[in-house]
Amino acid sequence: MPDHPVITIDGPAASGKSSVARLVAQRRGAIYVNTGNMYRAMTWAVLDRQIDPADAEAVRQATAVVEIQSPVVAGQTVVQVNGIPLTDADLNSDPVNRAVSHVARVPEVRDRLVAAQRALAALGPLVMEGRDIGSVVFPNSPLKFYIDASEEVRSARRRAQGHADQVAERDRLDSTRKTSPLVIPQGAVVIDNSHLTLEQAVEQVLERLPSP
Ligand code: CDP
Ligand code: CDP
């Protein structure tokens, strides 16, 4: 059975990718996949085991026995660590925000999560968002988007959500890492939604998709 089509959405922290991806998936009857939550779940497991997230070798060893599952519930994947579901509060806590870009730099962590992400395309059409979806996970997808917004707007959006998240620092780490850095994927449509409503940003994606 050939894999189903994947709409890829990448972009920096708090640019609006998750909100846009979720709505595009709903309107196109596709499964929404938030890959950031998979890296966040690995990070939660690292912190739970009292491992220093900046110690790449310790992270590599500790995560080798951590299984991340992504069952589909109500049209979107939810993450589990060794079978235990995590809450949004677990995934978006301040310690996870601070540590996640360190854990996501470890090549073995990325290799395992990328393989799991590719396997999801067997389930049905996907809208998958993250940092390397159009560049590394599904580089051959013809439906690639890069959702951007200014740093000021992104920090303000995160604050409005009640999170004390250092988005600029995460962007710096994500853009400068050796393995799969955040880039605008080749062939991606760039949408700067600094001055767009969420609905307008969703429309800009939908109008570039082939009719269903
Ligand atoms: O929602 P937000 O943009 O704040 O972040 P996220 O998508 O939940 O991703 C959290 C972190 O996971 C990012 O800062 C990256 O370090 C990492 N990540 C990644 O390396 N590759 C992905 N495909 C998705 C996330
Ligand atoms: O997934 P990512 O971290 O890129 O961003 P998000 O969690 O989807 O969006 C961060 C916040 O910005 C959410 O509260 C969105 O509703 C809001 N947002 C907005 O106000 N206007 C937009 N054009 C896009 C997102």
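Counting starts at 1 for both ligands and their atoms, following the listed order. Quick caveat, the model's predicted, so the values are computed rather than measured.
- Looking at S15 and D148, their side chains never bring a donor and an acceptor atom within 3.5 Å of each other.
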> Does the side chain to side chain contact (heavy atoms under 4.5 Å, CB included) test come out yes or no for R170 and R131, once each step is laid out?
Replying inline: CA-CA 12 Å; R170 271 201 296 129; R131 299 293 186 290; 3.5 Å; yes

> What's the verdict on side chain to side chain contact (heavy atoms under 4.5 Å, CB included) for Y146 and V189, showing C-alpha distance, side-chain angles and the deciding distance?
Replying inline: CA-CA 6 Å; Y146 185 90; V189 174; over 6 Å; no

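- Side chains of Q200 and Q204: a donor-acceptor N/O pair is absent below 3.5 angstrom, by distance only.
- Taking every heavy atom of N193 and a limit of under 4.0 angstrom, the matching atoms of ligand 2 come to 22 (C), 23 (N), 24 (C).
- Residues satisfying the side-chain contact (heavy atoms from CB on, under 4.5 Å) criterion with E207, sequence neighbours excluded, are absent altogether.
- Under 4.0 angstrom from ligand 2, the non-hydrogen atoms of T197 all belong to its backbone.
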>> Using the rule given for side chain to side chain contact (heavy atoms under 4.5 Å, CB included), can you reason through R110 versus Y39, listing the C-alpha separation, both sets of side-chain angles and the distance that settles it, and then say yes or no?
In response: CA-CA 8 Å; R110 302 202 70 82; Y39 290 92; 3.3 Å; yes

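- Protein residues are said to neighbour a ligand when one of their heavy atoms lies under 4.0 Å from it; for ligand 1 these are A13, A14, K17, T35, G36, Y39, R40, V100, S101, A104, R110, G130, R131, D132, I133, R158, R170, D174, R177.
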> Do K17 and N34 pass the side chain to side chain contact (heavy atoms under 4.5 Å, CB included) test, and can you show the C-alpha distance, the side-chain angles, and the key distance before you say yes or no?
Replying inline: CA-CA 9 Å; K17 347 173 259 309; N34 177 329; over 6 Å; no

